[in-house]
Amino acid sequence: MKFPSIFRTASPSRFDIKPRYYDPVKEELEQRTSRIKKELEAEGKLGGEISEDDRLKHYETGIRGAFSQHQGIRPRGGSILASTAMLRTLIFLILVGGLAGYIYIGPVIFEYLLYIMVLIAGVYFFTKLKSKAKR
């Protein structure tokens, strides 16, 4: 059973290798049959039937085409507090501050932390409302 955590742990990646075999006889046979088929189609002795491979070649994209749509690194939007890393850092600092304050001051530190968090939340929401009023 996995315990919930605020830190992301790396999961092990699976090793999956597909062996490739080279058979020169089979490759030569395929080349000869495709060449003979093209010759027969050119002479008109074989129907102009399009094979499955030829149909799929029209839909294939090269690696150059796959990267042509890249538009660079997108700038981050939103506020700083929307970042997951920033949120984790704030939670960690609040917990460490609460533990250190409890050791040095006692249980009164939790009241102080509550006042500080209410003050920070008030300033945050005030700036949000002020930015919405400007628009």
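Side chains are part of it too, since the values below use all heavy atoms of this structure and drop only hydrogens, waters and symmetry mates. This structure is a prediction, so every number in the text was calculated from the model and none was measured.
- Counting heavy atoms from C-beta on, the side chains of Val123 and Phe126 never come closer than 4.5 Å.
- Remark: Phe92 engages no residue in a ring pair (Phe, Tyr, Trp, His ring centres under 6.0 Å) (not counting sequence neighbours).
- To the nearest 0.5 angstrom, Glu111 atom CD is 12.0 Å from Ile116 atom CD1.
- For the pair Tyr115 and Leu119, the minimum side-chain heavy-atom distance is 4.5 Å or more.
- To the nearest 0.5 angstrom, Lys37 atom NZ is 7.0 Å from Thr33 atom OG1.
- Distance check: Leu90 CG to Met117 CE gives 11.0 Å after rounding to the nearest 0.5 Å.
- Take Phe110 and apply the ring pair (Phe, Tyr, Trp, His ring centres under 6.0 Å) test, not counting sequence neighbours, and it matches Tyr102.
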Legend entry - side chain to side chain contact (heavy atoms under 4.5 Å, CB included) evaluation trace for Arg32 with Arg35: CA-CA 5 Å; Arg32 287 180 61 198; Arg35 185 183 42 152; 3.6 Å; yes

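- For Glu43, the salt bridge (Lys or Arg N to Asp or Glu O under 4.0 Å) criterion is met by Lys45, not counting sequence neighbours.
- Between atom OH of residue Tyr104 and atom CG of residue Leu99 there is a gap of 10.0 Å, rounded to the nearest 0.5 Å.
- The shortest heavy-atom contact between Ile94 and Leu113 is O-CD1, 4.1 Å.
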